[in-house]
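The structure presented is a predicted model; accordingly, all values stated were derived computationally and were not measured. Convention: sequence-line order gives letters A, B, ...; per-chain numbering from 1.
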Amino acid sequence: MNAVSPDENVVRAICDDKWDGERLSPSLFKGEHVSVGRLTIASLADHWEIFRRFVEDPPERNLKLVGEINVGVLQKLGREYNPVPVALTVIPTPLVGFPSHAEIPQYITRGLANRILRVLEIHEHE
Amino acid sequence: MPTTFSSPGAGTYKLGEKLINDTPIHGVHEPLPNEGAREDLLLKKLGARGWGRMHHFRYYYQPRWGESRCKSLSPRATEAFFRFLESVKVPEHSSLPSLFLTDQGGLELRWEHHGKDIQVEFTGTGIEIYCSPDDQESTASHSQASELAKALSAA
C-alpha cells in the first residue's frame, strides 16, 4: 500500500500511562510500528470515539489527549535527526472499525521521539 | 400460621444471564515482604501521584494491554527502578518526577533539574538514560541503578 502523503496530518492517542497530567512520556513515539490515525479518512471528533474503542484496554486505561502531527514535518524531523537520520514513513494499515489506522514502521529512538513531542499539537476533549 | 421455607439445594436458584460474568480472574495479589518499605519510598520520592500510578500499572495492565498488545510490568525493570529510587535525590524546588509505563513493560521517570530534561527508562534488560538539551543518550545495566541515581542527583 502507498505511503501516506506528506501533506496529511495524523493523530496519536495519548492515554494515562503516557500522560500524568503534567508531563508527556517520550515513549509515546519511541519504538517501531507506532499506531496513528489519518485525519483525511476520519475527523478528529471521530478519532476520539475510535481511539476510545481501540485503546481503552483495560477499561481502567483512559484516553486523555490526542496528539496531531503533519506527516511532512515528521519526515523532516527524521531526516534531520543527528546522529542517525531515519527516513520515516506512514503506511496505511486499515483495521475493521478503524479504517483510518496507519503505522510508522521504522524504529524511533528516544532522542527523535523527544523532537516529535516538541512539535506535537495537543488536543483536549471538548 | 407459621411460614415455612424450602431448604436450599441444587436448582433452588439460577443466575440470570446478566449476572453471569466469565471475566478471567488474573490472580490474587500477595504483598511482597518489603512491600511496605517500597510504598513509603514511592510516596517519599514520587508523591501520591506516582504512588497511585504505580499501583495502577501493577494491577490493571495485564499482558496484551492496549491497542498494540503491550507487555505487562517487567519484574526485572521494577527491581531496578526501586534500587534507583532508593538512591536518587529528587530536586527540592521543582515538581516531583513523573512515572510512566512503556509499551514494552518498562518504567520511565521524567523530571527537570538545573534546566535539564532528565529521562530514565527501566526496561527488562537494562536502563536507558536521556538528557536534554544536548540529546545525550546512554545505557546502563540494572546493577548500576544505585550508582546512576547518585550520578544524576549530583548532576
Inset, instruction - Could you walk me through whether A:Glu56 and B:Glu67 pass side chain to side chain contact (heavy atoms under 4.5 Å, CB included), step by step? - result: CA-CA 8 Å; A:Glu56 292 190 334; B:Glu67 73 280 17; over 6 Å; no
Inset, instruction - Group every Ile, Leu, Val, Met, Phe, Trp and Tyr by side-chain heavy-atom contacts under 4.5 Å, then state whether A:Leu44 and A:Ile14 land in the same group. - result: no
Legend entry - CD (B:Glu147) with more than 12 external heavy atoms under 6.0 Å: no
Legend entry - Neighbour count above 12 (heavy atom, 6.0 Å) for A:Asn2 CG: no
Inset, instruction - Ignoring hydrogens and angles, tell me if any N or O in the side chain of B:Arg53 forms a donor-acceptor pair with the backbone of A:Asp16 under 3.5 Å. - result: yes
Inset, instruction - Check the pair A:Tyr81, B:Asp135 against side chain to side chain contact (heavy atoms under 4.5 Å, CB included), reporting the backbone distance first and the verdict last. - result: CA-CA 10 Å; A:Tyr81 184 66; B:Asp135 285 337; 4.3 Å; yes
Inset, instruction - Could you give me the CA-CA distance, side-chain angles and deciding distance for B:Phe100 and A:Asp17, then say whether side chain to side chain contact (heavy atoms under 4.5 Å, CB included) is met? - result: CA-CA 5 Å; B:Phe100 306 105; A:Asp17 43 284; over 6 Å; no
Inset, instruction - Heavy-atom pairs under 4.5 Å with chain B are the metric here; pick the option from A:Cys15, A:Pro26, A:Gly31 that has the most. - result: A:Pro26
Legend entry - B:Asp103/A:Lys18 ion pair, N-O < 4.0 Å: yes
Inset, instruction - Give the minimum heavy-atom separation between B:Leu99 and A:Asp20, together with the two atoms involved. - result: N-OD2, 4.3 Å
Legend entry - Segment of B:Glu128 engaging chain A (4.5 angstrom heavy-atom cut-off): side chain
Inset, instruction - Ignoring hydrogens and angles, state whether a donor on the side chain of B:Ser95 or A:Glu22 is under 3.5 Å from an acceptor on the partner side chain. - result: yes
Inset, instruction - Would you check if A:Pro58 and B:Gln62 make a side-chain contact, meaning some heavy-atom pair closer than 4.5 Å? - result: no
Inset, instruction - Look at the side-chain heavy atoms of Ile, Leu, Val, Met, Phe, Trp and Tyr, link any pair under 4.5 Å apart, and say whether B:Trp51 and B:Phe122 land in one connected group. - result: yes
Inset, instruction - Report whether A:Val4 and A:Val11 are members of the same hydrophobic cluster (ILVMFWY, side-chain heavy atoms less than 4.5 Å apart, transitive linking). - result: no
Inset, instruction - With the side chain counted from C-beta on, respond yes when A:Arg61 and B:Tyr60 share a heavy-atom pair under 4.5 Å apart, and no when they do not. - result: no
Legend entry - B:Glu108 (side chain) donor-acceptor with A:Ser25 (main chain) under 3.5 angstrom: no
Inset, instruction - Heavy-atom pairs under 4.5 Å with chain B are the metric here; pick the option from A:Asp57, A:Asn82, A:Leu28 that has the most. - result: A:Asp57
Inset, instruction - With side chain to side chain contact (heavy atoms under 4.5 Å, CB included) as the test, would you mind laying out the steps for A:Lys30 and B:Thr102 before giving the verdict? - result: CA-CA 9 Å; A:Lys30 182 175 172 266; B:Thr102 72; over 6 Å; no
Inset, instruction - Is it possible for you to say whether A:Ile91 and A:Leu39 belong to one hydrophobic cluster, with membership spreading through side-chain heavy-atom contacts below 4.5 Å? - result: no
Inset, instruction - Below 4.5 Å from any heavy atom of chain B, which atoms of A:Arg118 appear? Answer side chain, backbone, both or neither. - result: side chain
Inset, instruction - Give a yes or no on whether B:Leu41 and B:Leu43 share a hydrophobic cluster (residues Ile, Leu, Val, Met, Phe, Trp, Tyr; joining criterion: side-chain heavy atoms under 4.5 Å apart). - result: yes
Inset, instruction - For B:Arg110 and A:Arg23, indicate whether the former's side chain and the latter's backbone hold a donor-acceptor pair under 3.5 Å. - result: no
Inset, instruction - Mark yes when over 12 heavy atoms from residues, nucleotides or ligands other than B:Lys45 sit less than 6.0 Å from its NZ; otherwise mark no. - result: yes
Legend entry - Contact winner vs chain A - B:Gln119, B:Arg64, B:His56, B:Glu121, heavy-atom pairs under 4.5 Å: B:Gln119
Legend entry - Contacting region of B:Leu96 [heavy-atom separation from chain A under 4.5 Å]: backbone
